[in-house]
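Structure record follows, encoded as structure tokens.
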Amino acid sequence: MLKKLFALILIGGLGLIFFQLYNQRSRREGLTKTASYYTEKGPAETRSANIVTSVVVTYRGLDTLGEVTILFAAASIIGFFLKRSEKGSKDKTIRNQSSELLQTGSMLLVPLIFLLGIYVFVNGHLSPGGGFQGGAIIASGTVLAFLANPSFEGGRTLIHILESLSGMFYVGIGVAGIFLAAGFLDNRIFPTGNVGSFISAGAIPVIYSIIGLKVGAELSAILYSLRDTKEQQ
Amino acid sequence: MNFDPMKIPWSLLGLVIVFTIGMFIRGIVPKITARAGMRIGIRFYQPWIDLIKHFSIQTSITHGVMFYLGPVFRLTGGVSMILFMPLIYGSWYFSNFAFAGDMVLFLYMMFFGTLGMALGAGESGHPYSAIGVSRGLAQVTVAEIPLVLALLSVAAQHNTLSITEIVAAQQGGISHWTMVTNPVATMAGMLALLGSMMNSPFNVVLAPQEIPVGPPTEYHGTFLGIMNTNRSIFPVAKVVFFMNIFFGGATNWGILILKSFIIYMWPVFVGLVFPRFRVDQSIRWFLKVPMLLGILAVALI
Amino acid sequence: MINPIYIVAIGLGTAFSLGLLRKLGKEFSFWVTIFALGAMAFISGHWLSAFLSHQITSTVITTAGGKAPFVIVFNMGMTEALFSFMVTMGAVFSGFYLHDRLIESGPSAMAVLLAGTMGLNGIILTGDIFNLFVFMEISAIATAGLVLLVSDFKALQAGFKFMLASGIISGLLLLGIIFLYNSTGTLNISELHSKAGVILKSGGVATYLITIALLLELKPFPANGWGVDLYEGAPSGVSAFIASSSATAAFFVFLKVLPLGGDISLRIAAAAGISTFVFSNLMALSYKNTSRLLGYSSIGQLGLLVGIAGLSKHLGDKTLMIILTLLGTHYLAKAGLFWLSGIVKNPNTDEWRSLRKSPVLFAFFGVFIFALLGFPPFPSFFGKWELIMGLVATKMYWWAGAILLGTMFEGIYLFRWFSRALKLQNNDTATPAVTIYSILPVVFFGFFLFYAGYYTSTFVPALRVMCLAPLLFILLLGLLDFLPAFLKNIISLAGVTAYIVYLWPHIQGNTFKIVFAGIFLGGAILALIAGFYRRGKHMGFYPMTMLMFLGLGILVDASNLLELFYGWELMTIGSYFLLIRGERSLPHGLSYLLFSLGGSLAMLFGFALAHASSGSVDLSALNHIRIMPALAYSLMLAGFMTKTASLGLHIWLPGAHGEAVADIHFMASAILLKAGVFGIILVLGGMGNTQPYAQKILFVLGWIGALTALIGNIGAAFQESAKYLLAWSSIGQLGYIVFGLASMTHLGWLAAYGYTITHFLYKGILFLLIGGVAFRVGTADMYKMGGLIKRMPFSFFAVLIAIITLAGIPPLVGFTGKWLVYNMILSKHLFYQGVVIIISGVIAFLYLFRLIHVIFLGQLKDRNRKVKEVYVWLLIPAYLMLTAIFALSMFPDMMLARLGRMLTPSFPEGALVWDGFTASSRYGTFNLQIIMAVIGATFAAVFLWLVFANRKAQKVKQFNIFYSGEAPSRPELTHYGYNFFAHYRKAVGFMATPLVTRFWDQLSQGLHGLSSYGRAIYTGNAQSYLYHIVAFVVVVYLLSAGGIS
Amino acid sequence: MIHIALAGGALLIFIGIWGMLTKKNIIRIIIGFSLFDTGLHVVLVGLGYLKNRTAPIVDADLPAKAASSQSVDPVPQAIVLTAIVIGLAVTSVLLVFALKLYQSKNTLDINKLRDNTND
């Protein structure tokens, strides 16, 4: 009880800090200097219709690379951690198979889900959405496959190859920016085209696709690792 | 002042006189104590007889070099103390080598013989010797406290450590004596004297009446003769020292003999009245009244 | 220049590709990882070297081809390059060290290591605050992953706590970042720095959140339970990585962002940092788990750095140097220690004794510990020095005091750990298993510490190169340690001689320095001559001996306070390793070390006050300190008095010296203690005696000296062991010296100098010979000896003369000391202290007689009938010193008149007047030559008479004594030696009650109690730790609310 | 609008922290963390909102010229995108930890999931 009281007091204290934070915030009418730059110069420089995408993939591309890295690290950790501790028990857990209907239905749906994911990330520079959203949609396809068929094994190797290759390509494109354009992750290594057209914004769609694949692969890899965990009785 | 070879014979003469005084006193004192105890006592010339006896016994035993040297150290200590002591004030002949040192020299010279004696006795291998030394050393560490305080008081009073100058400052009648000008220091000093004169209550070091304890246990013959010689010199040297510091010194031999005899008798009389202390008791005793008197003596300066 | 973005590219590219390389085997992946890390390190290293050679200036590297504030930029400057290099090198070596575990966990784990290292580099390099957040998250997740390289529960729960804590912390950081963006409109850190005005108006709380989050990453007290558990739970290679690389990066970013918050942030940092330093180290006192100790220590060190960053305004342009030295030392030493802990495996401090079986590793263990605590020649020494100097110069006394206190706490547990490992029995332990992977990083970092120390010292103008040269010699000796002892002895002798040749022109004409150089280096030569008695190799002895002696040499040679302190600390290290060599010297060596550490910290503060008031570190700064002079002088005196073992600070001495062997005992007592005297003379010379505070200090000092003499001598009288007896006696003798110095009179100083010289001589004889006797007999217990004069006449004679000198009995030179003391007492009317001093001198007879009697006289025991005379190599130096005593006794003016001439300028009044051989003061005179002639003649006369009268005397058998008709047959029955002064103990034994020891024991118990009490915070419960974090944020906010705009 | 978003975000944060500080079950604690994280994201997006403006995507409704005067701030949106993914990664690692902790001690009670071997 005392603990809860303390928790309340602490949250009250935090509330005070937040309130001060709220009070202090600047109530601006227009955009900040940085945001103005992005909105004014962004479409012209990157030729990406989606300004957020231009920020995410180009101006703040290093953030995104970092974020992919985090996902990668998380997947790796979960991978080696779960795998290693399972090493002792070779016997496969016997899982109940789900119904034929469900399995077949899901097999039908999964490619469609994947397709949707791909659509979302290749259009990232034009519309809301992008690599992460697309990747997450792809991973949801994997979830569906697992739910429908707990012993689903397809694409395991593909995932690992995708995981590595997409990452390497991402870095490679970034480095290419140094040589072919003005800096790391500069999108102007490819022709930039016109704002709004599908083939535009230089490397942005490529990078976003790679990110989409990468995220999809990482999340799927995590799902694989979790699926492989032995149940505790 | 520089060394004058003519000092040597005169100093030796002074030494002989002091020795004679010592032998005399050592004959008288047992007599007096015996009489006080309703006994007849020894003949006053008994010490001379003993001395001759000791020296005429040819000893053929030694326990080693240090054993051999012990008595030598002992007598050297006693003799040197006399040689560094101004015996007769104002007399060039009997001021000895006092110019070579002062009160501090005298205080530390006292230990010369004691230490050598103790070491010599130690080599004899007799445990009683060592026990005696251990007791003696323990006792002297506390008996020194009032003495040092008193001497510091006197030295500060007269602004000098030189014995000759202290005596000089006391000339001109009894009212100039330290005894009068600094009575507290004198009292402290005289109480300290009790501790070093080997009389009851502080004579457990030698424990003369019982089994032989103390440094001389193993000594005999010529060795003992030398030590006995010292017993006639060393206490007198101490007494003369007290006389010089507290009681105006002496301007001639008569005064010296008188004063030193009186001072000598003080511990004797105390010893007649009081029974013997154990070492730890005497230590505690010295740490009470004598030390407080000493502190008072210093505080009053 | 290589674009630093390649650090990221290489790290990530390799990490991503490891998945594809899986087929080529784990070893291959491992080497690819190490190679990639090496390449990353190469990039920053190559920037660093370019910066160091001043070829380039700081650069901003943009990404995405945009303009600076709008795209993410990397900053590359000297500090960035350095920190990035450090971080990556830490990763290289930790990765190398983790070889086995990485192989076990596979390429994914290696990828995590790579990603984590990349993240740390990003943290350092990035110029964008949100990008910083991303990189921090990368390294956090990677850290959590690396912790899982072991899969025990301890690691699991540690990683979980860490993830939860860093989750909350980064949430707060994110909140701060977005609100700061809201108010300033930028995420670029340089841009933010230029918007201080805006931040002040509308970004205060946001900045607070950012600052506090970054601070929390550095695990401030008390919100750091998760951090300690992380250090404890992680595998040691990973802990090393966290302590060195992660902590370095986290600290760097804190440094980068700290100025945003203005003064209030600085104050928060100072308070939180320093209190973390103090309390972490206090908490550590009650633990025995090494990983945990190291964790607390790491957190404490980082706290100290945070505090320094917070105090940077006061430290000025020295801040960077201080931070780099302290951080660099922490980085190298902590990584090394964590690696070692992985080698030892058992986390209990006591189990590190097994490390002794690989001496090289153990040597590095010592190096790391001493480096952490700021001992020379390591970089932290200079950092600590500048830190305290800087803080005190700007009146930051409490901060400086707290830092010193924290260092003391740290010293207690680190030294306890080290000394136990050094001395505990290790027969039952296995030799630690080492592989090239585990040993190479340790060795490399260990050597690099030395290099870093050297490198730092080249930036310290106050330290001359001659203070470094001796270390090279010692290193050489260390490398030659496989040679037999006598060869090393010769080399050492050559070294000392060479140093004397170097030193002589510097000290010529300066009597003060000649006296001490004579004692220190002349003593060194004597000690080394004695050293020829040793057989075998005697590993480790010579480097440490030379460290002590050359430290002492530097002390004499010192031209400023820094060099003085440098020499002092070197000497402390060397002497510790000498004292610890005794069989049962474990607790005593430890307390020596702790007192020394405390003393040097006190001194450091005193020096800083001196520096603050004079503006320089020259020795003249000690003169007339104006800022808190009473405190300054007292602290310095206390510091030096730890070495002279004055009352209250003496408890280490009897044990430490009593357990040492002959020549070490000689060095420790006759020589080493004089270093303290040297210091006291310097301090008192600077203080003078005119100011009221000076008189108070001198009064207290005088009493301390007198009581030290008394307690020391009484203590000596009750010892059964000859060595303990001599050790206590040294305490007493040093008491005389302190007393003499405290009088601030010509005669007092003359006496003190005289005692310093003669004590060296007679104690030297006693230590060497009694030690030699104890070696021959096989015990130092006196009552087990007896009658040895028959077997060891030469020793006996030398000891006899030494004793007569010590006792001050005329006609030997010791008497002059007594005489001077009497005169000084009279001239200053110091009667009460004086009586204590004089009586102490008389009490000295007790133990002196006991010493010589019970050992050499009395009954020879059966088991000692065949013992030989003491080694001739011990007799030679003893007789050399004996000759010196006789020479000084014949011609005391040789010593005293010269010293008098030296003292006259400072103490013109009351000088000793020499007329031929007659010396006279205001009160009295002495002429030692006449005294000697009279005594000598008398002695000769009496002796000849006795020889004549006794010419037939023969030596008789041992038991031919008068024994009440019994014939004693066993020497044990008739050797009076045990409890020699039983009666004395009965009467005054209360004065030997170890009150001081009790005081320190209680203090130590109190500290440990406090420390255990603090353990209540560290419940190990993840939820409590979350509480602490949130509470920390709230409480610090409330405490500093007034200052946050 | 902005006030609602900020208040809602703050509320989520508080609920999350409450859960982390008071719940015994570590799964619930992780859920608390997730809520805390989500609350942050809401605050992030809310702060970038400007009244009467549209999404920063150049298309027929938002000509490039008018983008800066008619779109909301794209920066918080970009940031939140990153933050969400990071939150996801952290949550997944936390959940794996929870799984492992449960497997080793057979409990999810945070009070029992601590190391008591400290000396």
Side-chain angles (χ1 to χ4, degrees), chain A residues 3 6-7 10-11 13-14 16-18 20-21 24-26 28 31-35 37-38 41 45 58-63 65-67 69-70 72-74 76-77 79-81 83-85 160-161 163-168 170-172 174-175 177-178 181-188, chain C residues 3 5-6 8-9 12-13 15-20 61-66 69-72 104-106 108-109 111-112 115-116 118-119 122 126 128 130-131 134-135 137-138 141-142 144-145 148 151 175 179 181-183 185-187 202-206 209 1027 1030-1031 1033-1034 1037-1038:
Chain A
K3 209 173 168 184
F6 271 128
L10 286 184
I11 288 173
L14 273 186
L16 181 70
I17 298 179
F18 288 2
Q20 291 289 350
L21 209 53
Q24 267 195 2
R25 77 178 206 286
S26 65
R28 41 177 97 244
L31 293 175
T32 63
K33 182 179 144 204
T34 313
Y37 178 86
Y38 291 151
K41 302 275 171 61
E45 278 183 11
T58 303
Y59 295 121
R60 308 196 59 84
L62 212 55
D63 282 351
L65 183 60
E67 142 192 18
T69 312
I70 291 179
F72 168 73
S76 300
I77 292 166
F80 82 75
F81 179 41
K83 193 167 70 190
R84 197 208 25 225
S85 40
H160 284 301
I161 292 177
E163 198 182 350
S164 289
L165 273 186
S166 54
M168 286 162 71
Y170 192 179
V171 175
V175 172
I178 303 178
F184 190 71
L185 285 174
D186 192 339
N187 67 328
R188 286 166 294 191
Chain C
N3 193 333
I5 217 91
Y6 282 114
V8 173
L12 280 184
F16 291 146
S17 65
L18 280 178
L20 288 181
I61 294 102
T62 57
T63 63
F70 306 113
V71 296
I72 293 176
E104 191 192 332
S105 298
S108 301
V112 171
M118 187 281 297
T126 188
D128 186 280
F130 182 73
N131 196 233
V134 175
F135 280 122
E137 288 292 321
I138 296 177
I141 265 199
L148 296 176
S151 49
L175 202 60
F179 273 92
Y181 168 74
N182 175 261
S183 72
T186 183
L187 290 167
S202 61
V205 185
L209 280 179
Y1027 258 95
V1030 178
V1033 175
V1034 172
Y1037 179 77
L1038 294 177

Chain A contact via C:Asn131 - side chain, backbone, both or neither, heavy atoms under 4.5 Å: both
Tell me which of these, C:Thr62, C:Val8, C:Leu209, C:Val134, has more heavy-atom pairs under 4.5 Å with chain A than the rest. C:Val134
Highest number of heavy-atom pairs under 4.5 Å with chain C: which of A:Ala35, A:Ala74, A:Ser76? A:Ser76
Is it true that, when you exclude C:Tyr6 itself, more than 12 heavy atoms of the residues, nucleotides or ligands shown sit nearer than 6.0 Å to its OH? yes
Where does the angle between the aromatic ring planes of A:Tyr38 and C:Phe70 fall among parallel (under 30°), tilted (30 to 60°) and perpendicular (over 60°)? perpendicular
Specify which of C:Ala1031, C:Gly106, C:Ala115 makes the most heavy-atom pairs with chain A at under 4.5 Å. C:Ala1031
For chain C, which of A:Ser166, A:Gly174, A:Gly177, A:Gly66 has the most heavy-atom pairs under 4.5 Å? A:Gly66
So, for A:Phe80 and C:Ser105, which heavy atoms are closest and what is the spacing to 0.1 Å? CB-O, 3.6 Å
Contact winner vs chain A - C:Thr126, C:Thr186, C:Val71, heavy-atom pairs under 4.5 Å: C:Val71
Is there a side-chain contact between A:Phe72 and C:Leu12 in this structure, where contact means two heavy atoms from C-beta onward sitting under 4.5 Å apart? no
Choice from C:Gly13, C:Gly119, C:Ala111 maximising heavy atom contacts with chain A below 4.5 Å: C:Gly13
Donor-acceptor pair, C:Tyr1037 side chain versus A:Gly13 backbone, under 3.5 Å? no
Looking at A:Gln24 and C:Gly204, would you say the former's side chain and the latter's main chain have a donor-acceptor pair under 3.5 Å? yes
Could you look at C:Val112 and say if it's the side chain, the backbone, both or neither that has a heavy atom under 4.5 Å from chain A? side chain
Closest heavy-atom pair and its distance - A:Tyr59, C:Thr63: O-OG1, 4.5 Å
Does any backbone or side-chain atom of C:Tyr181 lie under 4.5 Å from a heavy atom of chain A? Answer side chain, backbone, both or neither. both
Taking A:Leu21, A:Leu165, A:Ile17, A:Ile161 one by one, which has the highest count of heavy-atom pairs under 4.5 Å against chain C? A:Leu21
So how far is it from A:Asp63 CG to C:Ile72 CD1, rounded to the nearest 0.5 Å? 4.0 Å
Most heavy-atom pairs under 4.5 Å with chain C, out of A:Ile11, A:Leu62, A:Leu65, belong to A:Leu62
Looking only at C:Pro69, C:Ala142, C:Gly19, C:Ser183, most heavy-atom pairs under 4.5 Å shared with chain A are made by C:Ser183
Among A:Val175, A:Thr69, A:Leu185, which residue forms the greatest number of heavy-atom pairs with chain C at distances under 4.5 Å? A:Thr69
Using non-hydrogen atoms only, which part of C:Ile61 is less than 4.5 Å away from chain A: side chain, backbone, both, or neither? neither
Check for a donor-acceptor pair, side chain of A:Ser164 on one end and backbone N or O of C:Ser17 on the other, with a separation under 3.5 Å. no
Donor-acceptor pair, side chain of A:Gln20 and main chain of C:Val205, under 3.5 angstrom: no
Determine, step by step, whether A:Leu14 and C:Val1030 satisfy the side-chain contact (heavy atoms from CB on, under 4.5 Å) criterion, reporting the C-alpha distance in whole Å, the side-chain angles of both residues, the deciding distance to 0.1 Å, and the verdict. CA-CA 8 Å; A:Leu14 273 186; C:Val1030 178; 3.9 Å; yes
Contacts of A:Arg188 that satisfy side chain to side chain donor-acceptor pair (under 3.5 Å) - sequence neighbours left out: A:Asp186
Spacing of A:Met168 atom CE and C:Leu20 atom CG [to the nearest 0.5 Å]: 5.5 Å
